[in-house]
Number of protein chains: 2
Amino acid sequence: MTPRTVFFVSDSTGITAETFGNAILAQFDIEPRRVRMPFIDSEDKAHQVVRQINHTAQQEANRPIVFTTLVDMPVLKVIQQGCKGMLLDMFGTFVRPLEDELGMKSHHRVGRFSDISQNKEYHDRIEAINFSLAHDDGQTHDDLAGADVILVGVSRSGKTPTSLYLAMQHGLKAANYPLIPEDFERKQLPSALLPFRSKIFGLTISPQRLSEIRSERRPGSRYASLDNCRAEVHEAEAMMRRSGIRWLSSTTKSIEEIATTILQEIRPERLSY
Amino acid sequence: MTPRTVFFVSDSTGITAETFGNAILAQFDIEPRRVRMPFIDSEDKAHQVVRQINHTAQQEANRPIVFTTLVDMPVLKVIQQGCKGMLLDMFGTFVRPLEDELGMKSHHRVGRFSDISQNKEYHDRIEAINFSLAHDDGQTHDDLAGADVILVGVSRSGKTPTSLYLAMQHGLKAANYPLIPEDFERKQLPSALLPFRSKIFGLTISPQRLSEIRSERRPGSRYASLDNCRAEVHEAEAMMRRSGIRWLSSTTKSIEEIATTILQEIRPERLSY
């Protein structure tokens, strides 16, 4: 396949340009070279970007594809006028029709975060990350009333990465507790969790997959054996069913998919939407 | 202000639609109600979406704004034909010109992750999260050779959330180590880190901001006092300068901005671009 380069050009971190650009590129059978160009916040830097893109255009048979989320008009103009790549102006394309619809001008302002230390939403998100870390793997029962979501499931069913994702992406305080043999013997959820049933969500996983994951950590152990995984999963699912909590299987799901489902089911109050 | 509702409609998690849609909305002085509609993967579900959007359109003076990343054409058609909102079709807008440019048809395939358990990139990302958690706050010196990035800085300078973000967003194994009085006395970086200087990155922070952050945790403590914060930051910056490592101030920066800068500076080998 002839080489093709994709540039992501942004005045800020470029995360929006990348998230969106990569989602679109995933619709095609190509494996382009990718170049991230963040913090392009002056006309000088824009000229450098143009030089780099045009240099690539000269070297490769295909013209580069350029995803941009630039909002600063003079900076964007430099790219529009000089760049020999295929320019996909993600903001301009939608901002202009929205200006008409909303009957107002857009800010053309760079970045959500000018001074993060003054931003309440950001502060709460960092707090949520700290909360989720402190409440990882049942480390503490403190302030469970402050949790937005409490995940339960057997060890290695996906609770930790899902909790951290809920905190980082959605600013939710997500605690997680492993279900262990003692819980199965008592045939009920850990007693500290019982008052918070409405925000408990269970994760299960197929015994085969669980055994694979555990074997990476502790190969040949009883912990990782298929027999033991089967027994633990069976007990955990029976308990979740008995407790009337909502749960799903993480076997083939990404943490993004699990998190989205949890939001739909639990609908935490803190969630802005 | 008259109410306005924004819908995010996706066949998958809707994260792309939200990230992009919210970045565009941030360009306007509006505070719309937001409704997330993920997993719209059938014509039936699309009809339900249309009913909900049109119900909102009837109730509010303004027509709803609908960001969609639907790739399944029959599902998208249901929305296009029935929806009384302002439809911003984020994929269609860019996929069609790209089909021409690339000379190929797009997949119109839903989601990056069909079965996540088989996906190497996803597996590595979860491994990176586990690594970063295990190497948080200097918990272990094991396998530092396997780290992509090693963050250092005084306690509460932003190392932990940045490490977790690097792991979650970029799949990087990010360890982090606090700089403590013992290091300042010895006047050098923790010795276990010295062989890995090229992947060490420092975070500093203004003493005032540090004192604020620490005071939330331990109000009135010596740890949080401005005097102590001033001394620690002074020592840490002197050490980073002497060691010749790269560093930045996290005082007014988000973890996204810090992470993006680190990627630009360290350029970890694992990084795909």
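On a predicted model such as this, the values are computed, not experimentally measured, just so you know. By convention in this document, chain letters (A, B, ...) are assigned in the order of the sequence lines, proteins followed by strands, and residues within each chain are numbered from 1.
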Can you tell which part of A:Glu212 gets under 4.5 Å to a heavy atom of chain B, answering side chain, backbone, both or neither? neither
The reported gap from CG in B:Leu98 to CZ in A:Phe67 (rounded to nearest 0.5 angstrom) is 5.5 Å
B:His107 side chain near A:Asp29 side chain, heavy-atom distance below 4.5 Å: yes
For the student: nearest non-hydrogen atoms of B:Ile15 and A:Gln169, plus distance: CG2-NE2, 3.9 Å
Most contact-rich option vs chain B, by heavy-atom pairs under 4.5 angstrom, among A:Arg33, A:His123, A:Gln118, is A:His123
Taking the side chain as C-beta and beyond, is there a heavy-atom pair between B:Met86 and A:Pro97 under 4.5 Å? yes
Which region of B:Thr93, side chain (C-beta onward) or backbone (N, CA, C, O), has a non-hydrogen atom less than 4.5 Å from a non-hydrogen atom of chain A, or is it both or neither? side chain
Shortest non-hydrogen contact from B:Ile255 toward A:Tyr122: N-OH, 2.8 Å
Side chain from CB out, backbone as N, CA, C, O: work out which of these in A:Arg209 comes under 4.5 Å of a heavy atom of chain B, or both, or neither. side chain
Counting neighbours of NZ on B:Lys45 that are heavy atoms of other residues, nucleotides or ligands and sit closer than 6.0 Å, is the number greater than 12? yes
What part of A:Asp89 lies closer than 4.5 angstrom to a heavy atom of chain B: side chain, backbone, both or neither? backbone
Which atoms form the tightest heavy-atom contact between A:Arg36 and B:Leu263, and what is the distance? NH1-CD1, 3.4 Å
Given that the side chain runs from C-beta out, which part of A:Val95 has a heavy atom under 4.5 Å from chain B: side chain, backbone, both or neither? both
Could you state the interatomic distance from OH (A:Tyr165) to CG (B:Leu164), rounded to the nearest 0.5 Å? 14.5 Å
Is A:Thr160 in contact with chain B via its backbone, its side chain, both, or neither, using a 4.5 Å heavy-atom distance? side chain
Nearest 0.5 Å, please: how far is CZ in A:Phe28 from NZ in B:Lys105? 9.0 Å
Which heavy atom of B:Ile24 sits nearest to which heavy atom of A:Met90, and what is that distance? CD1-O, 4.2 Å
Give, for atom CD of B:Gln27 and atom OG1 of A:Thr69, the distance between the pair rounded to the nearest 0.5 Å. 9.5 Å
Drop me the distance from B:Asn130's CG to A:Arg156's CZ, to the nearest 0.5 angstrom. 5.0 Å
Can you tell which part of A:Arg4 gets under 4.5 Å to a heavy atom of chain B, answering side chain, backbone, both or neither? side chain
Under a 4.5 Å heavy-atom cutoff, which of A:Ile129, A:Asp136, A:Asn62, A:Leu88 has the most pairs with chain B? A:Leu88
Rounded to the nearest 0.5 Å, what separates atom OG1 in A:Thr16 from atom CZ in B:Phe20? 8.0 Å
Heavy-atom pair of closest approach, residues B:Pro161 and A:Ile126: CB-CD1, 4.0 Å
Top contributor to chain A contacts, counting heavy-atom pairs under 4.5 Å, from B:His108, B:Glu101, B:Met168, B:Arg63: B:Glu101
